[in-house]
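Okay, so here's the structure we're looking at.
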Amino acid sequence: MNDTHGPPEGDGRVRGAPPSGTGGRPPDPAVPPARRTRREQTRARLLGAAERLWAERGIHGASLDDIAAAAGLTKGAVYSNFAGKTDLLLALLDRFTHDRAGHGVLDDLETAAPDDAESPYTEVEERARRIALLMVEFWLYGMRDYAAGWRIADWYAERRAHLARDLPEAGGVAADDRAVLALAMEIGLPFQHLLDPERVPAHLHSVGLELLRET
């Protein structure tokens with residue numbers, strides 16, 4: 001699972017251990033603001049490159065050397081910001097969480113207007129496609145790497161906890177169980193929609209959520 005060069009990809013943390021290198025780490029007050037800004041810019045370039053390459057080639061098809069080169073940086077820049085591939089992967093998941101403010105892929109696709117010539121639908125759809133591909137890659141990586149799998153599972157659990165806050169307990173089905181179903185739709189429906197948008201329209205996501213809230 002490791003790259004050919006450099007430290008091990010996984011860091012062997014146990015389940016529940018806080019991921020290092022993710023967006024939730026507080027800034028070090030000892031670091032000068034200018035240096036902190038440069039560090040944040042470097043991290044953003046690496047995360048953007050990882051998102052593009054992993055969606056295009058798969059996680060095992062793009063090494064950390066490839067990601068550094070695509071970002072216009074050296075591999076040393078990767079290891080000065082992330083402990084390895086798993087840490088970079090989790091930081092990318094964390095960025096999705098913060099950037100999307102809790103919204104799923106189909107939320108964007110539902111609000112896009114493909115019939116409007118000025119609509120950014122193509123850009124929205126491409127972003128949705130990239131995220132869907134990455135979700136598959138993250139799952140496969142977690143299935144093949146035990147330590148990474150536990151940490152990715154914890155990310156899923158955090159997402160379910162967020163969804164559960166908006167889902168009441170009803171009909172003998174707990175909010176946590178409803179959140180499992182909601183996440184299954186949030187992940188699974190884009191896969192079907194992006195391949196078959198006419199027969200699996202994006203608005204089915206909203207329909208499914210309403211059913212979960214009312215049933």
Side-chain angles (χ1 to χ4, degrees), residues 1-103 105 123 126-159 187:
M1 297 296 296
N2 296 343
D3 264 358
T4 305
H5 309 289
E9 299 288 7
D11 55 15
R13 293 176 186 269
V14 297
R15 185 184 186 189
S20 64
T22 62
R25 183 169 58 185
D28 185 348
V31 178
R35 182 179 173 188
R36 191 181 308 147
T37 298
R38 288 195 300 272
R39 182 181 179 86
E40 290 170 356
Q41 291 172 344
T42 297
R43 285 172 58 85
R45 287 167 63 184
L46 290 168
L47 288 167
E51 179 180 324
R52 292 191 305 275
L53 290 184
W54 285 346
E56 292 170 4
R57 306 181 193 174
I59 291 175
H60 292 291
S63 68
L64 296 182
D65 285 311
D66 295 331
I67 290 168
L73 300 165
T74 66
K75 192 173 181 180
V78 178
Y79 283 114
S80 69
N81 286 276
F82 305 100
K85 182 174 280 188
T86 297
D87 203 36
L88 178 56
L89 180 152
L90 290 165
L92 189 54
L93 278 172
D94 189 63
R95 189 173 79 160
F96 284 168
T97 301
H98 286 82
D99 286 356
R100 302 194 63 75
H103 293 289
V105 170
E123 180 180 343
E126 179 56 33
R127 171 69 170 164
R129 177 179 175 276
R130 189 160 64 244
I131 291 173
L133 286 168
L134 285 166
M135 289 297 106
V136 174
E137 288 296 323
F138 294 155
W139 182 82
L140 288 171
Y141 190 77
M143 289 290 289
R144 292 167 175 155
D145 184 297
Y146 182 79
W150 280 119
R151 296 174 69 185
I152 294 169
D154 284 340
W155 182 84
Y156 283 143
E158 290 177 10
R159 181 64 185 142
I187 294 174

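For clarity, every value in this text was computed on a predicted model and none was experimentally measured.
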Checklist entry - So which of Leu64, Leu92, Val78 actually passes side chain to side chain contact (heavy atoms under 4.5 Å, CB included) with Leu46? => result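 The residue from Leu64, Leu92, Val78 that satisfies side chain to side chain contact (heavy atoms under 4.5 Å, CB included) with Leu46 turns out to be Val78.
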Item to check | Working for side-chain contact (heavy atoms from CB on, under 4.5 Å), residues Ile152 and Trp139 | outcome: CA-CA 8 Å; Ile152 294 169; Trp139 182 82; over 6 Å; no
What is the distance from atom [atom1] of [X] to atom [atom2] of [Y], rounded to the nearest 0.5 Å?
X: Ile59; Y: Leu89; atom1: CD1; atom2: CG; answer: 4.5 Å
X: Arg52; Y: Leu47; atom1: CZ; atom2: CG; answer: 10.5 Å
X: Tyr79; Y: Thr74; atom1: OH; atom2: OG1; answer: 12.0 Å
X: Asp145; Y: Thr86; atom1: CG; atom2: OG1; answer: 5.0 Å

Checklist entry - Which pairs count as salt bridge (Lys or Arg N to Asp or Glu O under 4.0 Å) when at least one residue sits in residues 133-142, sequence neighbours excluded? => result none
Next on the checklist: Using side-chain heavy atoms (C-beta onward) and a distance below 4.5 Å, is Glu40 in contact with Arg43?
Outcome noted: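 Sidechains of Arg43 and Glu40: no contact.
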Checklist entry - Is the shortest heavy-atom distance from the side chain of Tyr156 to the side chain of Ile187 under 4.5 Å? => result yes
Closest approach of [X] to [Y] (non-hydrogen atoms, all atoms of both residues):
X: Leu53; Y: Ala70; answer: CD1-CB, 3.7 Å
X: Ile67; Y: Leu88; answer: CD1-CD2, 3.9 Å
X: Ala55; Y: Leu133; answer: O-CD1, 3.5 Å
X: Arg57; Y: Ala62; answer: CD-CB, 4.2 Å

Next on the checklist: For Ala71, is there any backbone N or O sitting under 3.5 Å from a side-chain donor or acceptor partner on Arg45?
Outcome noted: yes
Checklist entry - Asp66 side chain to Ser63 main-chain N or O, any donor-acceptor pair under 3.5 Å? => result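 Yes, Asp66 side chain to Ser63 backbone: donor-acceptor pair under 3.5 Å.
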Checklist entry - Excluding sequence neighbours, so at least two apart, what forms ring-ring contact (aromatic ring centres under 6.0 Å, His included) with Tyr146? => result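 Per chain and number, Tyr146 pairs via ring-ring contact (aromatic ring centres under 6.0 Å, His included) with Trp150.
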Item to check | SB check Arg129 Glu126 (cutoff 4.0 Å) | outcome: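 Between Glu126 and Arg129 there is a salt bridge, with a charged N closer than 4.0 Å to a carboxylate O.
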Checklist entry - What orientation do His60 and Tyr141 show, parallel under 30°, tilted 30 to 60°, or perpendicular over 60°? => result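 Aromatic pair His60/Tyr141 classed tilted.
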Item to check | Pair Thr37-Gln41, side-chain contact (heavy atoms from CB on, under 4.5 Å): steps then yes or no | outcome: CA-CA 6 Å; Thr37 298; Gln41 291 172 344; 3.8 Å; yes
